[in-house]
Amino acid sequence: MRIALPGPDNAPALPKGPFGIHQQVPMSFGSVAVDVVEKLGAVPFHGPRNTIAGDVPPGRIALRTTVSVSNLLDRSITYSPASFRLLVGAKKRPISLTQSTMPAGRLNAGSVIEGRLSFVVPERARSLWLEVRDPGRRSPVLIDLRRAGRTPTSAFDRFGHLHPGGTR
């Protein structure tokens, strides 16, 4: 997903990582969270089609993530699935997005969108990270898909319409 902010936005430093699933990861516009990670096995050619485009070849699996994007700004943002990429293995080899249920578009102020992002990865891949490119940061944010994370209660205090501790 490529996210574009109207005008420059100086994002504060991220809380200390690493980040994991089931965690609201602070971004310059709000947050991104990986809510679900599913590994779907290969489907034989004579069987039913799986949920991503085409059959998954032998030795590979489909990895499907459910991701939510929250816009905590007082203005809308544009987004696209192109801002997400999967990194695999110790060398963090990039894997392209295979399918997305999150179409590119605009996300209104104070809104959340959820969608599935699917990738085809080697069956024996052990290290998996979702890379998120945040327009307010120089480096992409990495979310470790093999561990759960916790969000500090003060992570969203910079957004003026939220009360301290990140609640509305």
Side-chain angles (χ1 to χ4, degrees), residues 1-5 11 14-15 17-43 47-73 76-151 155-156:
M1 168 169 83
R2 174 167 285 144
I3 301 168
L5 297 175
L14 280 170
F19 300 105
I21 61 173
H22 309 296
Q23 177 180 10
Q24 296 293 321
V25 179
M27 300 284 169
S28 61
F29 54 86
S31 70
V32 168
V34 177
D35 303 313
V36 177
V37 178
E38 300 173 283
K39 290 184 178 181
L40 309 171
V43 177
R49 302 299 261 183
N50 65 27
T51 58
I52 64 174
D55 287 308
V56 177
R60 301 181 79 67
I61 60 169
L63 181 80
R64 184 170 60 194
T65 62
T66 302
V67 175
S68 58
V69 176
S70 301
N71 178 8
L72 300 180
L73 298 176
S76 64
I77 61 171
T78 58
Y79 64 90
S80 163
S83 289
F84 291 107
R85 191 167 67 157
L86 189 72
L87 304 177
V88 176
K91 294 183 180 179
K92 294 186 172 85
R93 187 173 52 97
I95 302 287
S96 298
L97 184 66
T98 305
Q99 185 181 38
S100 173
T101 64
M102 187 184 300
R106 293 190 68 74
L107 185 59
N108 291 331
S111 297
V112 178
I113 188 168
E114 181 180 275
R116 289 187 181 145
L117 305 174
S118 299
F119 306 88
V120 175
V121 300
E123 190 171 31
R124 295 184 182 190
R126 298 291 175 246
S127 300
L128 301 164
W129 295 270
L130 187 66
E131 179 185 78
V132 184
R133 288 184 292 283
D134 180 347
R137 304 197 188 286
R138 288 192 178 129
S139 300
V141 176
L142 297 182
I143 301 172
D144 187 341
L145 300 182
R146 297 187 50 89
R147 66 178 296 279
R150 289 188 53 173
T151 305
F156 301 102

Within the side chain of Ser127, is there an N or O that forms a donor-acceptor pair under 3.5 Å with the backbone of Ala90? no
How long is the straight-line distance from OG of Ser111 back to CG of Leu73, given to the nearest 0.5 Å? 11.0 Å
Okay, side chain of Arg64, backbone of Leu40: is any donor-acceptor separation there less than 3.5 Å? no
For the student: nearest non-hydrogen atoms of Leu117 and Ser100, plus distance: CD2-OG, 3.4 Å
Looking at Gln24 and Ser70, what are the two nearest heavy atoms and their distance? OE1-OG, 4.2 Å
State, with a plain yes or no, whether a side-chain heavy atom of Asn108 is found less than 4.5 Å away from one of Asn71. no
Quick one: CG on Leu86 to CG on Leu130, what's the gap to the nearest 0.5 Å? 6.5 Å
Side chain proximity check, Val69 to Tyr79, heavy atoms < 4.5 angstrom: no
Going by atom types only, do Gln99 and Ser118 share a side-chain donor-acceptor pair under 3.5 Å? no
Looking at CE of Met27 and CD1 of Ile77, how far apart are the two atoms once the value is rounded to the nearest 0.5 Å? 10.5 Å
Please round to the nearest 0.5 Å and tell me the distance separating atom CG of Leu128 and atom CG of Leu87. 9.5 Å
Nearest 0.5 angstrom please: Ile21 CD1 to Leu145 CG, how far? 7.0 Å
Side chain to side chain contact (heavy atoms under 4.5 Å, CB included) with Pro140: which residues, sequence neighbours excluded? Glu131, Arg133
Can you see which heavy atom on Lys92 is nearest to which on Trp129, and at what distance? CG-CZ3, 3.6 Å
Would the distance check show the side chain of Thr66 and the main-chain N or O of Asp35 forming a donor-acceptor pair, the cut-off being under 3.5 Å? no
Nearest non-hydrogen partners of Ser96 and Phe119, listed with the distance: O-CD2, 3.4 Å
Could you state the interatomic distance from CD1 (Ile113) to CG (Leu107), rounded to the nearest 0.5 Å? 6.5 Å
Nearest non-hydrogen partners of Val34 and Val37, listed with the distance: CG1-CG2, 3.7 Å
Quick check: closest heavy atoms across Arg85 and Pro94, and the distance to 0.1 Å? NH1-CB, 3.6 Å
